[in-house]
Amino acid sequence: MPPSPAAAADRLLVAGNWKMNGTRALARELAAAALAAARASPSVEVVLFPPTVLLDEVVRAVGPDGDVPVGGQQCHWAPEGAHTASVSAAQLAEAGCAYVLTGHSEVRRELGYDDARVRAAADAGRASRLRPIVCVGETEAERGAGAARAIVEAQVDAVFGSRSAGLEADVAYEPVWAIGTGRTPTVEQAAEVHGWIRARLEAHGAPRSRILYGGSVAPGNIGGFLSQPGVDGVLVGGASLRADAFTALVTAARAAADRRRP
Ligand code: 13P
């Protein structure tokens, strides 16, 4: 039984989303590095999102102690059934997952997940006791048109709004134009969006949800993002595929956590 991620809510979170990358050998190498980094940095929660087919390899490599929780990159909204090529939340949970990403922009774009499906997928995750990390973010054109705030708030509202009790889930702010491009918003721009998201989460009864930043996070820029009190962690793509870079990110997060201590 994976540990409850909520128990770690006061730690900074560094999550690696491997996307459609990796072999079994690389999975073992990255999982071992993540485990060592997590054990060296107890003030940081380290989470891995491998491809579904590598989950068993990673779960075995990180061991049963819960030092490195694992998550699925996506789940279907339905509990089971005729949905060729999809994976259910229950299957992820049985595979040892504690988390699931929902609404990643690549899933929205390539698999056609709109806000309603993202909400339903998050609900499916909760029904299987997974903690969803709901990904939101504007495109470059939307930012250019001055619509970033409206887009991000609508994506948050669609998943967290109209509920009798707050959704137990986290949010990742991933501007689409910053994913895999080497470009990032300024630290101040990211902090501004996190503030918008925080206000919506409070309005929806989810004040304890963490808000991560994602999009071209690297060892050279993580410190800036984590210097902002409204940034509770990072969701990392490309840099999570190199053991040395991912270890450096966890070490930098530990330093940021140390600086936050009163
Ligand atoms: P990169 O870190 O490669 O920009 O990817 C970010 C991302 O999409 C994480 O989910």
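Counting convention: from 1, in listed order, for ligands and their atoms alike. Since the model is a prediction, treat every value here as computed from it, not as a measurement. Residue numbers count from 1 along this sequence.
The backbone of A178, and not its side chain, has at least one atom closer than 4.0 Å to an atom of ligand 1 (non-hydrogen atoms only; backbone = N, CA, C, O). Looking at I179 against ligand 1, both its backbone and its side chain come within 4.0 Å, counting heavy atoms.
Considering only non-hydrogen atoms, atom 7 (C) of ligand 1 lies nearest to E174 out of Q73, E174, E106.
In summary, R119 and D157 do not engage in a salt bridge, as defined by a charged side-chain N under 4.0 Å from a carboxylate O. Classification of R126 and D123 as a salt-bridged pair fails, no side-chain N sitting under 4.0 Å from a carboxylate O. For the pair D232 and R210, the salt-bridge criterion is not met [side-chain N within less than 4.0 Å of a carboxylate O]. At a threshold of 4.0 Å, the pair R60-E57 counts as salt-bridged, since one of the basic side-chain nitrogens sits closer than that to a carboxylate oxygen.
Near G180, with a cut-off below 4.0 Å to any heavy atom, the atoms of ligand 1 are 1 (P), 3 (O), 4 (O). Against a heavy-atom cut-off of under 4.0 Å, G238 is close to the following atoms of ligand 1: 1 (P), 2 (O), 3 (O). Each of the atoms 9 (C), 10 (O) of ligand 1 lies under 4.0 Å from some heavy atom of N17. For ligand 1, the atoms lying closer than 4.0 Å to a non-hydrogen atom of K19 are 5 (O), 6 (C), 7 (C), 8 (O). Heavy-atom contacts of L235 reach the following atoms of ligand 1: 9 (C), 10 (O) (cutoff under 4.0 Å).
Residue V236 places no N or O, backbone or side chain, under 3.5 Å from any N or O of ligand 1. In terms of polar-atom proximity, A239 is not counted as a contact of ligand 1, lacking any N or O under 3.5 Å from an N or O of the ligand. Checking only distances, G237 does come within under 3.5 Å of ligand 1, N or O to N or O.
By the 6.0 Å contact criterion, CD on E80 is open, its count of non-hydrogen atoms from other residues, nucleotides or ligands being 12 or less.
Ligand 1 lies nowhere less than 4.0 angstrom from a heavy atom belonging to A172. In this structure, S216 counts as a contact residue of ligand 1, since one of its heavy atoms falls inside 4.0 Å of the ligand. Heavy-atom distances between G215 and ligand 1 reach below 4.0 Å in at least one pair.
Using a 30° and 60° split on the angle between ring planes, H76 and Y113 fall in the perpendicular class, above 60°.
Side-chain contact between D115 and V159 is absent, with no heavy atoms from C-beta onward closer than 4.5 Å.
With rounding to the nearest 0.5 Å, the separation of CE in M20 from CD in E110 is 8.0 Å.
Closest approach of A169 and R131 over heavy atoms only: O-NH2, 3.7 Å.
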